[in-house]
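Quick notes on the structure that follows.
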Amino acid sequence: MASAAYTPGNPSGLVADLNEAQRAAVTAPPGPLRVVAGAGTGKTRVLTRRVAWLVHQGAAPWSVLAITFTNKAARVLKERLGALPGGESVYAGTFHGFGAWLLRRHGDTIGIDTRFTILDRDDQHRLLKLILDELAPGEGRLRVPAVAAQLSWLKNGSSGRAPLALDRSGMEDVFEAIATRYAERLRAASLLDFDDLLLESVRVLVEGAGVGDVLRDRFRHVLVDEYQDTNRVQRDLLLQLVPPGGSLTVVGDPDQSIYRWRGATIGNILAFEEDLGGGNTVVLERNYRSTGRILSCAEAVIAKNTERHAKRLVTSKDEGTPVEVHRAGDADEEGRLVAARIRRWVEAGRRPDDIAVIYRVNAASRAIELALRERSLPYRVVAGTEFFQRREVKDLLAYARLVENPADDVSFLRIANVPRRGVGDTSLAKIRQRAFDQGVPIAEAAREAATAGVSGKALKGLRELSQLLDRARAQPRRPVAAILALLAEGSGYKAMLETSHDELERSRVENVDELVAFARQLDEREPDVELSTFLERAALVSEQDDVEEDGGRVQLMSAHAAKGLEFPCVVVAGAEDGWFPHVRSVDEPGGIEEERRLFYVAMTRAEDELVLTFSSSRATYRGFERRLPSPFLGDLPPADIEVHDRAPSWGGAWSPGPRPAFSTPVAPPPVSGVEGEVVREVGSAWTVGDRVQHPYFGEGVLFDVGGRGEDTRVTVDFVGHGRRQLLLRHARLERIR
DNA sequence: TTGCCTGACCTTTTT
DNA sequence: GGTCAGGCAA
């Protein structure tokens, strides 16, 4: 978008190039303000200008707090404020980043060690696994990801359905014990998980002596982007920060709410006025991004949602070319088709970085990557967190975290024997026992390993490790890069990789070097940066922080990662039933509507050209699966699309509109193998062969019933949707006839 | 204590 | 297709 004619000396330029609604939003008096901004309606521009306008009205830049969804969005915001005097002292960051900032300064008022380190998902899972092994070993069947999800669900306000079914006898107590021990371990190790960053921030504002007042006094103006994706805790944080009637601007679009599974509640933006006791609302409906046809298709999809406040986007661009819909026979063919389409764009003069491929699940990137490589098209998979999740990077960061936070047991256990220093399970168990008995961190107990009964190789190894960490701690003012290099080399970690017989292992050295280089960059850009800051940034990188500008490469990303971005040319790949909507969400109340929004978000990333592709079959870990086009494709207005369907080998040709209704019910498929299969009675008697009705899949025939009670699963052959496995507890299944 | 093999079991989206 | 627990030999 064109930059403003605004200069510090020419404030009228602040609003001169805005439309009426945008201007109303930017210049609304400082008080509760909600901006409902449809896709492509200039949301970022309004947010930036409003900050500038507030400052121009006399607000001190450092009294402005702008909360964005990603670090990258925060950086962009600050860049655009560049012309503003004092613009760099506006606080811009994510909720989690702000939480960390707040807790480092004021956490001590509620008993938080301000030298805490942040536990990411991987660390959290490691810790939970240890705890599960202690408290629920063996057959308990409690799985780490489920327990983590349950914990997060509880911490985020318990809205919607619980991830974990705890009604089996004793389960509740077991979970309770796990949750308690988890909290104890975190506290003892000065660790905070992602949710804690928010929860403890609220607590410090409420309970921390004087903290709330200090912050309310400082941040007189708070602005929040992507408000439709905030959860209850984030809302509470804002309500603590902004007094009733205070200057709070929230910007968002209910149609783009896609993080319900993370506790986000669309209710925050919808109930804004009740929450804040009044306030203004401005609706932005003029779209500057997409062509008429793209918008018409996107609107047709989202219009089917019932839980929405209808708004009508009007484009400022022309009709554009039709939205293309392509069918492929399998995933490889789809990849080649996408690559071929991209090649044509490039030949027509598009730069590769004008093009994005968006998919529902990250696993979908593989086939597309392969095809792009075949055609020598430069691409990049957007996965900002991926680098920091690599084993070698996490190992080195664990060393660094121990330097910063000696109590961090999770990190200690991670690297105690990496590289191998003869510290096996037996020695480690002795040290952990000793640490437990003495009530000290494990790293502390390791220091006196001999007392714990450790000897020989293991003792020597632990001594060396302790000495290394001490050496790194001795000069905390050293540049971060130097500390990392010392750890990588002094520990023998780098040597371990370099001398490996495995080529993959040897290649990991590059990532270690890259991490050091990354730190060096940071040292140069911000000379005063401390190790703790570096670790915090590493823990809070977001997917989108990895999106490249001017990289000259096609960008591949998930629909979630694509939020807030725009590209001239977009391919939405894998537009199939099972991915759009995803199978796992169709059973959940409101699940389909969220999937529809997700598809809407993906489509509305496109400025000029939009291509949708799907495949008739796909290889999964269970073998080949037949796939049907996404039901959302059926909503596309035929006049705005162009269908490319080369008479596929199976599945029949696809055309827009609702699926043909089958007039005759499908017969239950023969039960293969078992002669005279016994019809099983389940609960209130679901019987194989029953005809059933599902709110989404429609009519089908019960094929199989498995599991008991809570876990009863039914397999149903649906007319037009194929065979589906459903959890009876969740599926709103009705018997018919 | 370590290295290596085999079989079981999942896979949505992410700060 | 990838991870992870468990078993077993050196």
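Quick note on labels: first sequence line is chain A, next is B, and so on, each numbered from 1.
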Interatomic distance where CG belongs to A/Leu198 and C1' belongs to B/dT14 [whole Å]: 13 Å
Whole-Å distance separating the CG atom of A/Asp195 from the P atom of B/dT14: 16 Å
Whole-Å distance separating the CZ atom of A/Arg260 from the C1' atom of B/dT13: 12 Å
A/Thr70 vs B/dT15: side-chain N/O to OP1/OP2 distance below 4.0 Å: no
Side-chain donor/acceptor of A/Arg584 to base of B/dT12, under 3.5 Å: no
Stacking of A/Tyr259 on B/dT14 base (centres under 5.5 Å, planes under 30°): no
Closest-nucleotide 5' rank along DNA chain B - winner of A/Gly422 and A/Pro145: A/Gly422
A/Asn362 side-chain N/O to B/dT13 phosphate OP1/OP2 under 4.0 Å: yes
Nearest-angstrom distance from the residue atom CG of A/Asp425 to P of B/dG3: 13 Å
A/His560 ring center within less than 6.0 Å of A/Trp261 ring center: yes
Side-chain heavy atoms of A/Val410 within contact of A/Thr117, under 4.5 Å: no
Short side-chain to backbone donor-acceptor contact, A/Asn268 and A/Thr230, under 3.5 Å: yes
Protein-nucleotide distance (A/Arg421, atom CZ; B/dT1, atom C1'), rounded to Å: 15 Å
Length of the line joining A/Met496:CE and B/dG3:P, which is rounded to integer Å: 11 Å
Residue mapping more 5' on DNA chain B - nearest nucleotide basis, A/Ala539 or A/Leu428: A/Leu428
Donor-acceptor under 3.5 Å (A/Ser427 side chain, A/Val423 main chain): no
Atom-pair distance (NZ on A/Lys457; P on B/dT1), nearest Å: 10 Å
Short side-chain N/O contact from A/Ser427 to OP1 or OP2 of B/dT1, under 4.0 Å: yes
Out of B/dT12, B/dT1, B/dT14, whichever nucleotide has its closest atom nearest the side chain of A/His582: B/dT12
From CG (A/Leu237) to CG (A/Asn231), nearest 0.5 Å: 10.0 Å
Every protein N/O within reach of nucleotides 5-10 of chain C N/O, cut-off under 3.5 Å:
unit_1: C/dA5; atom_1: OP1; unit_2: A/Lys129; atom_2: NZ; d: 2.9

Side-chain N,O (A/Ser558) to OP1/OP2 (B/dT14) below 4.0 Å: yes
Aromatic ring pairing A/Phe388/A/Phe518, orientation class (parallel under 30°, perpendicular over 60°, tilted between): perpendicular
Nearest listed nucleotide, side chain of A/Trp261, among B/dT13, B/dT11, B/dT12: B/dT13
Carboxylate-amine/guanidinium proximity below 4.0 Å for A/Asp253 and A/Lys43: no
Test ring-ring contact (aromatic ring centres under 6.0 Å, His included) applied to A/Phe580 and A/Phe614, A/Tyr359, A/Phe599, the passing residue: A/Phe599
Basic-acidic side-chain contact under 4.0 Å: A/Arg627, A/Asp577: no
OP1 or OP2 of B/dT15 under 4.0 Å from side-chain N/O of A/Asn231: no
Sugar-phosphate, base or nothing in reach of A/Asp120, heavy atoms under 4.0 Å: nothing
Geometric class of the A/Phe98/A/Tyr91 ring pair [parallel <30°, tilted 30-60°, perpendicular >60°]: perpendicular
Intra- and inter-strand pairs of DNA chain B in dot-bracket (Watson-Crick or G-U wobble, both distances under 3.5 Å; | for another strand): |||||||||......
A/His560, nearest nucleotide to its side chain (from C/dG2, B/dT15, B/dT14): B/dT14
Candidates B/dT15, B/dT2, B/dT12 - which lies nearest the side chain of A/Arg420: B/dT2
Check ion pair A/Glu464-A/Arg421 (N to O, under 4.0 angstrom): no
Protein-nucleotide distance (A/Met557, atom CE; B/dT13, atom P), rounded to Å: 15 Å
